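One-based numbering along the sequence shown. Everything quoted here is computed from the prediction, not taken from an experiment.
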Amino acid sequence: MGGYPACFGTSGAITSYTPRNGRTERIATGFPSVINDFSVFGQHDIDASHGRIFVVFGLGGEMSTRRG
């Protein structure tokens, strides 16, 4: 990532939250997560509609560190 050493893990997760009672429940785990001194990569957004869940993965870094 950007030419810097990075740490990779599978700590990413999706948690369901019910505002009415404050209940939380992990519904998916094991998503990739990567971090170095300058960037973070992992889930950035989620859409749960029409009976499906879509997860967007993104790079939380500067555009100059991206290739392509």
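Among residues two or more places apart in sequence or in another chain, the ring pair (Phe, Tyr, Trp, His ring centres under 6.0 Å) test is passed with Phe31 by Phe57.
At a threshold of 4.5 Å between non-hydrogen side-chain atoms, the residues Ile27 and Ile53 count as touching.
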Listed pairs under 3.5 Å, donor-acceptor, residues 6-25 side chains, sequence neighbours left out:
unit_1	atom_1	unit_2	atom_2	d
Ser11	OG	Ser33	OG	3.0
Asn21	OD1	Arg23	N	2.9

